[in-house]
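As structure tokens, the structure follows; a few thoughts come after it.
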Amino acid sequence: MQSYDPQKIETHWQQVWEQAGARAVQQDSTRGGARDARGNDARDATQADARDAAPSAQAAGQDSSPNSSKPHYYVLEMFPYPSGDVHMGHVRNYTIGDVISRYKRMRGFDVLHPIGWDSFGLPAENAAIKQGSTPAKWTYANIERQRASLKRMGFSYDWDRSVITSDVQYYHWGQWIFLKLWERGLVERRSSAVNWCPSCKTVLANEQVIGEGQCWRCKTAVERRELEQWFFKITDYADELLDDLSLLEGWPERVRQMQANWIGRSSGAEVSFRLCDAHGEPTQERITVFTTRPDTLFGCTFFLLAPEHPLVARLVAKTPYEAEVSRVVAAAQAASAVERARGEREKTGAFTGRYVENPVNGDKVPIWIADYVLMDYGTGAVMAVPSGDQRDFEFARQYSLPIVPVVVAEEDGLYPELAGVAERRRTDVPWSEAYAGPGVMVQSGTFTGLAAGKDSAGAQAVCDWLVAHGAGRPAVNFRLRDWLISRQRYWGNPIPAIYCDECGIVPVPEADLPVVLPMDVDVAAGDSLAAHPEFYDVPCPVCGRPAHRETDTMDTFTCSSWYYLRYTDAHNTSLPFSRAAADSWLPADQYIGGIEHAILHLLYSRFFTKALRDIGLLGFAEPFANLLTQGMVKLNGEVMSKSKGNVVAPEAMIERYGADALRAYILFMAPPDKDLEWSQAGLEGIYRFLLRVWRLLHDLLGVAGEETLYHEAGTGAAGGAAAGGAAAGGAAAGGAAQAVEEDAAPVAEAVAPAAAGDAAPAAPAAPAASAAAKLQAARDELTRERHRVVGKVTDDIERFNFNTAISAVMELANSTTGYLHLASASERHGELAPVTAPATDAELAPVATEPAAVRHAASDGRHFDEELATTITRLLAPIAPHFAEELWHTLFKREDSIHEQPWPCFDAALAQADSVEIAIQINGKVRLRIQVPASASAEELATLAQEQAAGLLAGKTVRKVIPVPGKLVNIVV
RNA sequence: GCCCGAGUGGCGGAAUGGCAGACGCGGAGGUCUCAAAAACCUUUGUCCUUCGGACGUGUGAGUUCGACUCUCACCUCGGGCACCA
């Protein structure tokens with residue numbers, strides 16, 4: 001027996017698959033680019049794919065009807081950023097995707113499984129500076145390194161569709177999309193308060209500011225600066241981005257929740273307050289606020305402006321209040337964004353000396369400035385209702401402002417003496433904090449008695465009143481800001497815009513695309529795009545006068561917002577992708593990636609998809625139908641990172657245990673969405689499992705030779721004991737297995753009654769046939785086990801429970817071990833020689849569904865063993881592809897690929913044992929276990945159980961019997 | 001504060017409301033061996049020294065014949081949002 005040598009095997013198959021892949025591409029191109037939809041007509045491509053489709057109904061089972069073309073399945077994994085070699089997170093992400101891909105192919109799907117590189121971005125510049133290289137050299141070297149590692153892992157990618165975002169063939173179309181968005185009014189250049197990272201020396205999008213105001217990449221505290229920048233108007237899609245989350249049933253609830261929080265829609269009303277002049281008389285000038293609680297308007301006792309509000313200076317100019325107000329404004333501006341956002345500071349403010357008029361009751365309320373009011377949310381002005389808002393409450397206490405309760409809680413009678421009171425009687429409350437919950441309106445004039453709360457009848461009534469009196473309207477506010485996409489960095493996709501002194505900002509004409517990024521910019525030497533005249537100096541496309549290019553590049557997230565579309569049509573030279581190609585593959589059936597992109601990338605991609613749909617380039621609204629967010633790989637509870645120096649390198653593990661063991665390990669140790677604690681011992685355990693299966697299958701087919709470990713002639717006792725243990729370990733240990741377990745002398749007698757329980761024509765009952773009978777019983781049991789395991793593995797992979805799928809294969813392997821202990825290969829296979837010639841298709845067909853009555857006779861031994869062996873190999877093929885392929889060729893003597901074989905079939909009925917063990921509970925406690933025929937009805941079960949438990953029931957009155965067929969009987973006494 | 005998750009042996013983790021702890025790691029004992037490793041076999045939740053029994057899925061209630069699973073409250077941990085009006 002050739003021993004299992006992962007390095008040798010994996011290297012061999014890598015080369016074979018690589019060559020086969022190259023051949024496939026050549027064949028494709030002779031078919032007119034069918035696979036890749038080169039050119040524009042992808043409809044041809046999909047039809048060609050359909051012609052390719054082999055009849056797969058048998059393998060795909062319920063998933064496809066006979067003679068149908070192969071259904072499409074798009075498995076997408078978040079593409080890597082090429083910062084060095086691949087890490088365990090990549091290995092986990094891509095292993096999950098590869099198992100799904102290989103499994104779906106075996107199930108008869110036409111699978112799209114691409115990979116690429118998100119290769120623009122700041123780390124390349126930093127690395128170039130550090131190493132005195134260029135971003136391009138560093139980036140492309142890393143891509144080659146990663147590509148080699150991914151191939152070494154055995155990932156079955158459509159390599160000919162690879163997308164590298166820093167290739168001009170790709171970013172050309174990013175610029176084209178930019179122009180299309182511009183045409184549609186979704187691009188704006190405007191001045192705004194933006195986030196500036198002093199370390200990265202660039203502006204950042206809101207989504208890229210994390211935690212307490214830090215840069216997402218370098219964690220430096222960001223600064224606020226007023227700058228003119230480029231924006232994508234993602235807020236135009238705020239409503240749809242939020243509403244469509246409910247369509248994404250295949251996404252984790254967590255991610256949907258995070259996006260909903262981020263978009264942050266609040267509904268309420270805008271209320272206009274008339275500004276009073278210096279003498280307190282209302283003017284025509286109005287100040288508008290946004291509120292989610294118009295029902296509390298009668299409780300508004302003061303009015304707040306953000307320190308940055310443009311009105312502030314004018315209100316206090318040349319008044320006694322000017323000095324104090326200026327001091328507070330200056331203090332607010334001095335406080336860092338982080339500090340001010342934290343909310344722990346004591347609330348500070350100052351009176352402006354002016355008033356506004358409350359539209360509902362004519363109250364003159366004082367205008368204050370307060371540092372907790374934010375200029376960039378709502379209108380920068382707030383109606384303060386201290387009885388209903390904790391912040392306003394604290395501010396009122398701080399500056400001794402009145403607090404008027406306008407909502408009383410119904411349930412606990414909070415402030416009951418005000419119930420039903422319409423006119424204002426109290427201007428202070430005995431509470432220690434504001435009450436923001438629902439209740440009933442009080443002290444609110446004609447609205448008193450209406451329900452209060454967010455979106456309540458009272459809120460609606462006040463809103464209606466405001467509309468009727470021209471003092472307000474319903475309004476919705478979002479937390480989401482427009483996406484700032486310009487970056488003051490070199491290594492990115494150039495923004496296709498030109499500045500002309502005469503014509504202003506001019507888009508680069510489509511025909512002039514691509515704007516090529518010079519590859520020789522020496523960032524290490526402080527070089528920049530502005531210093532490259534061949535890039536910087538251009539004639540104005542409109543007037544022809546000298547002009548210059550925009551030197552800002554696009555946020556890398558613009559590149560990753562549409563790469564999954566390019567995969568469907570990767571070589572298109574006239575469009576980013578053809579609509580037909582994209583529509584035929586998307587929405588992606590399964591997207592897999594880290595939770596860290598829950599907001600950033602996933603929100604941007606959703607926005608791009610919707611915008612491109614509105615431009616007419618796509619026919620769908622959401623890019624990813626199903627999302628799996630894989631957990632992190634940790635070491636001692638900590639995230640692996642280079643800076644912490646606690647990285648386990650995949651290469652080193654492949655070197656030692658092979659890619660297949662690493663793949664299986666990472667799937668086995670935890671469900672895919674949970675964090676995984678790295679354990680070398682666990683990896684060794686899986687490696688040993690593969691070694692064990694290797695030996696097992698060789699022994700099963702009788703080619704183990706001298707090295708057989710499972711059966712030695714003449715040691716019947718040891719073998720019997722072993723088999724007994726294994727059979728008992730099997731979950732569905734039935735009567736037959738129990739018979740095997742009893743290894744005492746009258747074996748045949750023990751077997752016969754149990755095994756012959758139903759139609760078993762071939763069951764040998766004669767004592768002389770004891771060995772054969774034992775084998776027979778073991779095969780019957782193993783057949784059931786095989787069907788059960790195939791069913792479980794299939795179901796588990798469908799639901800991404802890879803860990804339990806692998807453990808089910810282990811169970812089948814363990815049961816097989818027990819079977820091997822019963823008899824040597826020659827005893828099992830009778831006169832038949834071990835496999836030397838290629839097995840026929842019939843012999844190696846996917847496990848057929850057989851009539852329940854058909855049992856394997858002793859002479860079928862080799863067939864039985866081969867079927868068992870190929871089943872185990874097929875089940876492992878998606879998980880350990882090199883391992884399975886090698887067995888397919890060397891053990892089963894096949895010349896095609898196991899990865900093109902159909903997935904094994906199973907029959908749930910065959911997984912069912914004739915006789916099952918059920919528990920008898922008395923008052924819910926298990927007291928007894930009995931064997932009953934699997935076919936026993938509930939009534940029979942109830943009777944049987946009471947007979948069997950008669951001893952335990954003596955002297956007790958049976959009140960109720962609950963039989964659960966196949967499981968247990970509960971007797972209540 | 002609001003909103004999501006998650007709490008099960010020594011460890012990673014299994015369990016459509018129906019025998020808790022599958023599978024693996026680790027531990028213990030054995031077979032083989034001059035010996036060791038590997039491999040193979042047995043065993044391994046806790047407690048009661050017992051054939052046998054009691055207790056066990058973060059805590060406390062509840063629904064149910066029956067709850068790791070469903071309901072309510074609480075505790076702990078993780079995550080998202082947050083002076084968002």
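Chain A is the first sequence line, chain B the second, and so forth, proteins listed ahead of strands; every chain is numbered from 1.
The side chain of A:Ser266 places an N or O atom within less than 4.0 Å of a non-bridging phosphate oxygen (OP1 or OP2) of B:A85. Between B:C84 and A:Asn261, no contact under 4.0 Å exists linking OP1 or OP2 to a side-chain N or O. Of the side-chain N and O atoms in A:Arg688, one or more sit less than 4.0 angstrom from OP1 or OP2 of B:A39. Distances shown here put a side-chain N or O of A:Lys454 below 4.0 Å from the OP1 or OP2 atom of B:A85. At B:C84, one or more side-chain N or O atoms of A:Arg391 fall inside 4.0 Å of OP1 or OP2 (strictly under the cut-off). A close approach under 4.0 Å does not occur between any side-chain nitrogen or oxygen of A:His821 and OP1 or OP2 of B:C40.
Atom CG of A:Leu683 is separated from atom C1' of B:G26 by 16 Å (rounded to the nearest Å). Per the geometry, CE belonging to A:Met669 stands 13 Å off P belonging to B:G24, to the nearest Å. Rounded to whole Å, atom C1' of B:A38 lies 17 Å from atom OH of A:Tyr4. Atoms CG (A:Leu667) and P (B:G24) sit 17 Å apart, rounded to a whole Å. In this structure, A:Glu798 atom CD and B:U16 atom C1' are separated by 17 Å, rounded to whole Å. If you measure from atom CD1 of A:Ile599 to atom C1' of B:C81, you get 8 Å, rounded to the nearest angstrom. In this structure, A:Leu820 places its CG atom 14 Å from C1' of B:A39, rounding to the nearest Å. B:C81 atom P lies 9 Å from atom CD1 of A:Ile210, rounded to whole Å.
Contacts of A:Gln921 with the nucleic acid, taken as non-hydrogen atoms under 4.0 Å apart, include base atoms. A:Gln257 comes within 4.0 angstrom of sugar-phosphate atoms only, judged by non-hydrogen atoms across all strands, and of no base. Using a 4.0 Å heavy-atom distance criterion, A:Pro671 is classed as a sugar-phosphate-only contact. Residue contacts for A:Asp675: at a heavy-atom cut-off of 4.0 Å it reaches the sugar-phosphate backbone alone, with no base atom in range. Within the 4.0 angstrom heavy-atom criterion, no nucleotide atom of any strand lies near A:Gly378. Contact annotation for A:Val972: backbone-only contact, meaning every heavy-atom pair under 4.0 Å involves sugar-phosphate atoms and none involves a base. Residue A:Asn803 is in sugar-phosphate contact alone, with no base atom involved, counting any heavy-atom pair closer than 4.0 Å across all strands shown.
Ionic pairing of A:Asp699 and A:Arg695 is not present here: no N-O contact between side-chain nitrogen and carboxylate oxygen is shorter than 4.0 angstrom. Checked for salt-bridge contact, A:Arg788 and A:Glu811 meet the test: a charged N lies under 4.0 Å from a carboxylate O. With respect to the salt-bridge test (charged N to carboxylate O, under 4.0 angstrom), the residues A:Asp376 and A:Arg224 qualify. Using a 4.0 Å cut-off between a side-chain N of Lys or Arg and a carboxylate O of Asp or Glu, A:Glu394 and A:Lys347 qualify as a salt bridge.
Taking atom C1' on both B:G56 and B:A37, the two are 39 Å apart, rounded to the nearest angstrom. Taking atom C1' on both B:G7 and B:G13, the two are 14 Å apart, rounded to the nearest angstrom. Using atom P as the reference point in both B:C75 and B:U59, the two lie 15 Å apart (nearest Å). Separation of the P atoms belonging to B:A36 and B:G30 is 11 Å when rounded to the nearest angstrom. As rounded to the nearest Å, B:U57 and B:C51 have C1' atoms that lie 29 Å from one another. Taking atom P in both B:A38 and B:A28, the straight-line distance is 13 Å, to the nearest Å. When the P atom is used for both B:C25 and B:U71, the distance is 36 Å, rounded to whole Å. Straight-line distance between the P atoms of B:C55 and B:C2: roughly 40 Å, to the nearest whole Å.
For A:Phe478 and A:Trp262, the gap between ring centers reaches or exceeds 6.0 Å.
Syn is the glycosidic conformation of B:G9, whose angle stays within 90° of 0.
Checking B:C83, B:G79, B:A85 against every side-chain atom of A:Asp371, the shortest atom distance belongs to B:C83. Side-chain atoms of A:Thr804 lie closest to B:A22 of the nucleotides B:C81, B:C83, B:A22. Here B:G80 is the nucleotide among B:G24, B:G80, B:A22 with the atom lying nearest to any side-chain atom of A:Met258. For A:Glu811, the side-chain atoms get nearest to B:A22 when compared with the rest of B:G13, B:C84, B:A22. Of the candidates B:G13, B:C23, B:C65, B:C23 carries the atom nearest the A:Met810 side chain, counting heavy atoms from C-beta on. Among the nucleotides B:G24, B:G18, B:C4, the one closest to the side chain of A:Glu253 is B:C4. Here the nucleotide nearest the side chain of A:Arg695, chosen from B:A39, B:C23, B:C81, is B:A39.
Considering A:Phe395, A:Trp368, A:Tyr399 as possible partners of A:Phe302, the one that fulfils the ring-ring contact (aromatic ring centres under 6.0 Å, His included) test is A:Phe395.
Both distances falling under 3.5 Å, in either a Watson-Crick or a G-U wobble arrangement, place B:G10 opposite B:C25. The partner of B:A15 is absent, by the rule that a Watson-Crick or G-U pair needs both atom distances under 3.5 Å. Pairing for B:G45 is with B:C55, a Watson-Crick or G-U wobble pair whose two hydrogen-bonding atom distances lie under 3.5 Å. Of all nucleotides present, only B:G30 satisfies the Watson-Crick or G-U wobble test against B:C40, with each distance under 3.5 Å. B:C68 makes up no base pair with any nucleotide shown, lacking Watson-Crick or G-U wobble contacts both under 3.5 Å. Of all nucleotides present, only B:C4 satisfies the Watson-Crick or G-U wobble test against B:G78, with each distance under 3.5 Å.
Positionally, the nearest nucleotide of RNA chain B for A:Val255 lies more toward the 5' end than for the other of A:Val255 and A:Asp392. Projected onto RNA chain B by closest heavy-atom contact, A:Ala681 and A:Thr292 fall at different nucleotides, the more 5' of which corresponds to A:Ala681.
Ring geometry, A:His597 versus A:His601: the interplanar angle exceeds 60°, so the pair is classed perpendicular (tilted spans 30 to 60°). Between A:Trp678 and A:Tyr665, the angle of the ring planes goes over 60°, which puts this pair in the perpendicular group of the 30/60° scheme. In this structure, A:Tyr687 and A:Tyr4 have tilted ring planes: the angle between them lies in the 30° to 60° band.
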